Q: 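Mind having a look at this structure? Questions to follow.
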Number of protein chains: 2
Amino acid sequence: MTSQEKSPGTAHRGPALRGGFLLAQVGAYASMRFAERLEGLGLTPSDVGLLRMIAVNPGQSQQTLAQALRVVPSRVVSLIDDLQAKGLVTRERSSSDRRTYELRLSPVGVEAMEKMREIGSAHENDMMMGLSTEERTTLTALLAKLAASHALAPDVHPGYGSRS
Amino acid sequence: MTSQEKSPGTAHRGPALRGGFLLAQVGAYASMRFAERLEGLGLTPSDVGLLRMIAVNPGQSQQTLAQALRVVPSRVVSLIDDLQAKGLVTRERSSSDRRTYELRLSPVGVEAMEKMREIGSAHENDMMMGLSTEERTTLTALLAKLAASHALAPDVHPGYGSRS
DNA sequence: TATTGTTATACTCTATAACTATA
DNA sequence: TATAGTTATAGAGTATAACAATA
């Protein structure tokens, strides 16, 4: 009903091809919108992921983090540098192995996590706006199933680097 | 059933928060896998999107393309430079306005489109592997609904640049 | 004077490799 | 000798701004 000129481009390609593209398209859009919301907080999506990893597993070393995120250790350095400069994360030399740091959220970091949760909630509502409650549940379940079938780690966004 | 140590991180956060993250996570994964498949063809996901826009609307100018992709014109220059260097796209001065080029696929470009279609199809199957036929249909429909509700252009992946 | 395409430039992100301190 | 973290450097990707040709 919308094709006025000769332009195809709207309704070509069968369902066999659309799913992968839609996944990438909607996913990139979701990331973009989330990043926009975070700007107000002075954080990037990477920061958020990192903070969550630290919150979930306090005392972790940078190496451990690098492996979990599938990122090069030097990348973690600058990421944590930022977070520390913002006062969200503390680095403390481990007493058992003084080569490593123990990473923890500062009180400010804990507050930031709370704000992030609110932002995440608003983002979720905004993203899902067009779907009914039941549809949201279905979509989330299907996405979770897909994530599981590809062995995607529950909390790791594969967008920290290009390292496989 | 998988939480062995004290580590949470698997089952926290209610359904109210997971959808947006899953969208971004699975979407980024889909993009990554698609990019990997394209490497064999010597193309990037951007190239593919561009080729498709040109295939759908032959004779377009670079400006038109830049607007459709929401990218700065200079970006289109280097993107098309690449495609032309690979022999996939032709630039021809428009006879009505000699400032502009008319962009078209070369015969090689048309062949490449065919290979891309195969790659896309294989990618789709791989991505959806974990879902039944019915589930795939449901997921695709829900994603399409989401895309429509956010007014995402049917064929434009929002990943060409940072320009809103 | 306005528009299309181009070039030159700079900035951001990320990886690689060499280095220091500790084990 | 091996490992954690760091620094320096380089490459890719992308935007901005100045510019030439055409309108």
Side-chain angles (χ1 to χ4, degrees), chain A residues 28 31-32 35-36 38-39 42-50 53-54 57 59-85 89-104 156-164, chain B residues 28 31-32 35-36 38-39 42-50 54 59-85 89-104 156-164:
Chain A
S31 297
M32 210 179 65
E36 284 170 9
L38 285 174
E39 270 174 26
L43 293 175
T44 67
S46 292
D47 290 336
V48 172
L50 219 43
M53 302 282 300
I54 296 172
N57 235 306
Q60 257 178 131
S61 73
Q62 296 184 186
Q63 285 287 339
T64 311
L65 221 43
Q67 285 165 7
L69 297 173
R70 296 167 163 265
V71 164
V72 119
S74 65
R75 176 116 179 68
V76 177
V77 173
S78 63
L79 247 18
I80 299 288
D81 277 353
D82 279 2
L83 258 22
Q84 192 180 28
V89 162
T90 63
R91 269 177 170 126
E92 198 183 348
R93 284 287 177 198
S94 162
S95 48
S96 56
D97 181 345
R98 294 218 312 270
R99 291 172 304 179
T100 73
Y101 285 121
E102 297 176 357
L103 302 172
R104 291 197 179 75
V156 182
H157 189 292
Y160 284 85
S162 63
R163 204 172 88 178
S164 162
Chain B
S31 296
M32 210 180 66
E36 285 171 10
L38 286 174
E39 270 174 25
L43 292 176
T44 67
S46 293
D47 290 337
V48 172
L50 218 43
I54 296 172
Q60 256 176 134
S61 73
Q62 296 184 187
Q63 284 287 339
T64 311
L65 221 43
Q67 285 165 7
L69 297 174
R70 296 167 163 264
V71 163
V72 119
S74 65
R75 177 114 178 70
V76 177
V77 173
S78 64
L79 246 20
I80 299 288
D81 277 353
D82 279 2
L83 257 24
Q84 193 181 28
V89 162
T90 62
R91 268 177 171 126
E92 198 184 349
R93 284 287 178 196
S94 162
S95 48
S96 56
D97 181 346
R98 294 219 311 269
R99 290 172 306 181
T100 74
Y101 285 120
E102 296 177 356
L103 303 172
R104 291 195 178 73
V156 182
H157 190 291
Y160 284 86
S162 63
R163 204 172 89 177
S164 162

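Owing to the predicted nature of the structure, the values given are computational and were not obtained by experimental measurement. Worth knowing before you read on, the calculation uses all heavy atoms, side chains too, and leaves out hydrogens, waters and symmetry mates. In what follows, every chain begins at residue 1, and chains take the letters A, B, ... in the order their sequences are listed.
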Q: Between atom CG in B/Leu83 and atom P in C/dG5, what is the gap in whole Å?
A: 15 Å

Q: Could you give the CD1-to-P distance, from B/Ile80 to C/dG5, as a whole number of Å?
A: 10 Å

Q: Indicate for each nucleotide in nucleotides 2-9 of chain D, in 5' to 3' sequence, whether protein heavy atoms under 4.0 Å reach the base (B), only the sugar-phosphate (S), or nothing (-).
A: BBBSBB--

Q: Can you list the residues that meet the side-chain hydrogen bond (donor to acceptor under 3.5 Å, both in side chains) rule with B/Arg98, with sequence neighbours excluded?
A: none

Q: With sequence neighbours left out, write down each residue that passes salt bridge (charged side-chain N to carboxylate O under 4.0 Å, His left out) with A/Asp47, or none if nothing qualifies.
A: A/Lys86

Q: Could you list the residues that satisfy salt bridge (charged side-chain N to carboxylate O under 4.0 Å, His left out) with B/Arg91, not counting sequence neighbours?
A: B/Asp81

Q: Residues two or more places apart in sequence or in another chain: which of them pass side chain to side chain contact (heavy atoms under 4.5 Å, CB included) with B/Glu102?
A: B/Ser94, B/Arg104

Q: Return the set of residues passing side chain to side chain contact (heavy atoms under 4.5 Å, CB included) with B/Ser78 (not counting sequence neighbours), or none when no residue passes.
A: B/Arg75

Q: Measure the distance from CZ on B/Arg98 to P on D/dA23 and round it to the nearest whole Å.
A: 5 Å

Q: Starting from C1' on C/dA15, measure out to CZ on A/Arg70 and report it in whole angstrom.
A: 16 Å

Q: What pair of heavy atoms forms the shortest contact from A/Gln62 to A/Val77, and how long is it?
A: NE2-CG2, 3.7 Å

Q: Between A/Ser96 and A/Thr44, who's closer to the 5' end of DNA chain C by nearest nucleotide?
A: A/Thr44

